[in-house]
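A short worksheet on the structure shown next.
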Amino acid sequence: MESVQLNNGTRMPYLGTGTNTYGKKNNEYNGELTGDFSTLRSAIEMGYRLIDTAISYRNEAGIGKTVKESGIDREAFYLTTKIPTEDAYIKDKETVRKTLNQSLINLETDYIDLYLIHKPIEDEEKLKITWEVMEEFVSKGKIKTIGVSNFSNEDLEKLDKFATIKPAVNQIKSNPTQWNNEWIKDMLDRDIRPQAWGPMKTTDQHKEYLNEIGENYGKTWGQVLLRYQTQRGVVAIPKSHNPINQKANLESLDFLLSDEDMAKVAQL
Ligand SMILES: NC(=O)c1ccc[n+]([C@@H]2O[C@H](COP(=O)([O-])OP(=O)(O)OC[C@H]3O[C@@H](n4cnc5c(N)ncnc54)[C@H](OP(=O)(O)O)[C@@H]3O)[C@@H](O)[C@H]2O)c1
């Protein structure tokens, strides 16, 4: 799978699978946990290796189990999780340590590839202690890469004041209804890798426009929009419960959009 080098020298696959409704009743975010991870199993069998979860998704343990049961080497996977910003998880350094250690237990692993702060932490002291403990886990080899999610440029500047390790990734919303292009450009300028959540959200009108572009390549709207993201340096983590769509999303990596078509997609 195509991958991209991060600012700490490690590499991350360009495409991964989101999981925020995996293992839940009716595939609903707040649904009861069912223990059924067949959709993740199908993604892994198809070749997905980057798996994006979060403590708030309540499914770290099911993901850890499914990854382990796949029988594929741990090193082949790229596991991402996220720390919530409520006091229960970050009120002091010991609490942050407990939170991060619990993720390692849940995911049944000795190390996590990427650990993100799920959203901005307004209280600068709590932001500082959270980041410092994340840095501590990097120095112990329990986390390979640390980053943030939904951080504005101002939030990133707050981190800059004390971080000894720069965030490698900022996971933000980006899709045709809201590309967030300025924000993405700023991140690329700062050498922080943008990762797109909610990448498939779009409108029927956009789908028609993207399908037209895709015709030349034999590709669908979804494949065109994912290729647009990865071709311009944005990692994407689409989520699907449908194996046909999971496969199609993976196959967005096997073609290249012309410069002209990249510009057309950008116009949306
Ligand atoms: N950091 C954050 O704050 C944050 C916030 C939200 C999400 N996330 C992460 O980002 C991941 C992705 O975001 P998301 O799950 O909200 O939304 P998404 O991936 O943009 O969209 C999911 C929807 O798109 C459909 N879909 C996927 N591929 C398709 C295709 N090829 N053709 C047609 N429809 C397709 C799926 O339906 P089917 O199941 O029928 O295919 C599903 O309804 C999450 O799962 C989560 O891991 C992070």
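Order of appearance sets the numbers: ligands from 1, and atoms from 1 within every ligand.
Not counting sequence neighbours, F151 has no partner by the ring pair (Phe, Tyr, Trp, His ring centres under 6.0 Å) test. In terms of the side-chain contact (heavy atoms from CB on, under 4.5 Å) criterion, residue partners of N175 (sequence neighbours excluded) are, by chain and number, K173, T177, Q178, K201.
For K119, the NZ atom is loosely surrounded, since the number of other residues' heavy atoms within 6.0 Å does not exceed 12.
For the ring pair (Phe, Tyr, Trp, His ring centres under 6.0 Å) condition, the pairs that include at least one residue of residues 210-234, sequence neighbours left out, are W179-Y228, Y217-F255.
For a heavy-atom separation below 4.0 Å, the residues in contact with ligand 1 are G18, T19, N20, D52, Y57, K82, H118, S149, N150, Q171, W197, G198, P199, M200, K201, W221, I237, P238, K239, S240, H241, N242, N245, N249.
Taking the centre and axis of the six-membered ring of Y22, the NZ or CZ atom of K239 falls outside the cone set by 45° and 6.0 Å.
Among T80, D52, N150, the one residue that satisfies the side-chain hydrogen bond (donor to acceptor under 3.5 Å, both in side chains) test with Q171 is D52.
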